[in-house]
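Please read the structure below before turning to the comments.
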Amino acid sequence: DGGITQSPKYLFRKEGQNVTLSCEQNLNHDAMYWYRQDPGQGLRLIYYSQIVNDFQKGDIAEGYSVSREKKESFPLTVTSAQKNPTAFYLCASSMVLAGNTGELFFGEGSRLTVL
Amino acid sequence: SQQGEEDPQALSIQEGENATMNCSYKTSINNLQWYRQNSGRGLVHLILIRSNEREKHSGRLRVTLDTSKKSSSLLITASRAADTASYFCATAMYSGGGADGLTFGKGTHLIIQP
């Protein structure tokens, strides 16, 4: 089945630790995205990538890092510099629609809790 | 910053009734999209409407777009208990940078009472 796979679904971290969230897609999409969702809130863009080996900061990139070494993969590292990392993290991918963002396909999310 | 703002924040109706949600945004857009999210799950795309379109239908969904008022509405007809979810509007702004993502509102939480 084509889609986006995020892992792990739940993750617990101690303060001061870095954690990496995995995101893999087999939709052959060029663009991939990481969003953060807090309770009762909308989604906020952390990082995005439109091609391999290139990525751009979104609205809330501080304390996060990404890489895009393969078209299929876009892992997100939540570093110890992120002051409030407890949140629901969503990965998405899309085709580029006439030079703009088309429909996003989302994974099932990773819920990170800092103890 | 939030580009889209949904209204109402929460809506509770009886099964079989129609549900209408509204979205307002601030800057010019290329397209506007609606998504659905069940509790604790990822978002699912419902419908995309381009800036030069005024209305679009998909099954029991009807979306309108008024670019002069910078607003959109999502109508779900003949609601079912399974429609209970949060609904988000999201905008793609005109950009020379390509697919640089969508800006989401905070969502409308819809509850369908059986």
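Proteins get letters first, then strands, A, B, ... in listed order; numbering begins at 1 in each. In this text the structure is predicted, and so the values were computed from the model without any measurement.
- Using a 4.5 Å cut-off between heavy atoms, Glu6(B) makes no contact with chain A at all.
- Ile60(A) and Phe88(B) fall into different hydrophobic clusters, where Ile, Leu, Val, Met, Phe, Trp and Tyr residues are linked whenever their side-chain heavy atoms come under 4.5 Å apart, directly or through other members.
- Residues Tyr48(A) and Leu90(A) are members of one and the same hydrophobic cluster, defined by side-chain heavy-atom contacts under 4.5 angstrom among Ile, Leu, Val, Met, Phe, Trp and Tyr.
- Not counting sequence neighbours, Ser39(B) has no partner by the side-chain hydrogen bond (donor to acceptor under 3.5 Å, both in side chains) test.
- Taking hydrophobic clusters as Ile, Leu, Val, Met, Phe, Trp and Tyr residues chained together by side-chain heavy-atom distances below 4.5 Å, Leu43(A) shares a cluster with Leu45(A).
- Heavy-atom distances place the side chain of Gln37(A), and not its backbone, under 4.5 Å from chain B.
- Residues passing the ring-ring contact (aromatic ring centres under 6.0 Å, His included) test with His45(B), sequence neighbours excluded: Tyr35(B).
- Within residues 76-88 of chain A, the residues having any heavy atom under 4.5 Å from a heavy atom of chain B are, by residue number, Phe88(A).
- Both Leu74(B) and Ile13(B) belong to a single network of hydrophobic side chains, linked directly or stepwise wherever heavy atoms of I, L, V, M, F, W or Y lie under 4.5 Å apart.
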Report task. Tell me, with the steps shown, if Tyr35(A) and Leu102(B) meet side chain to side chain contact (heavy atoms under 4.5 Å, CB included). Result -> CA-CA 10 Å; Tyr35(A) 284 91; Leu102(B) 303 178; 3.9 Å; yes

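- Nearest approach of Leu104(A) to Gln33(B), heavy atoms of both residues: N-OE1, 4.0 Å.
- Under a hydrophobic clustering in which Ile, Leu, Val, Met, Phe, Trp and Tyr are joined whenever their side-chain heavy atoms come within less than 4.5 Å, directly or via other members, Ile76(B) and Leu32(B) fall into the same cluster.
- Along residues 105-115 of chain A, the residues that come nearer than 4.5 angstrom to chain B, judged on non-hydrogen atoms, are Phe106(A), Gly107(A), Glu108(A), Arg111(A) in order of number.
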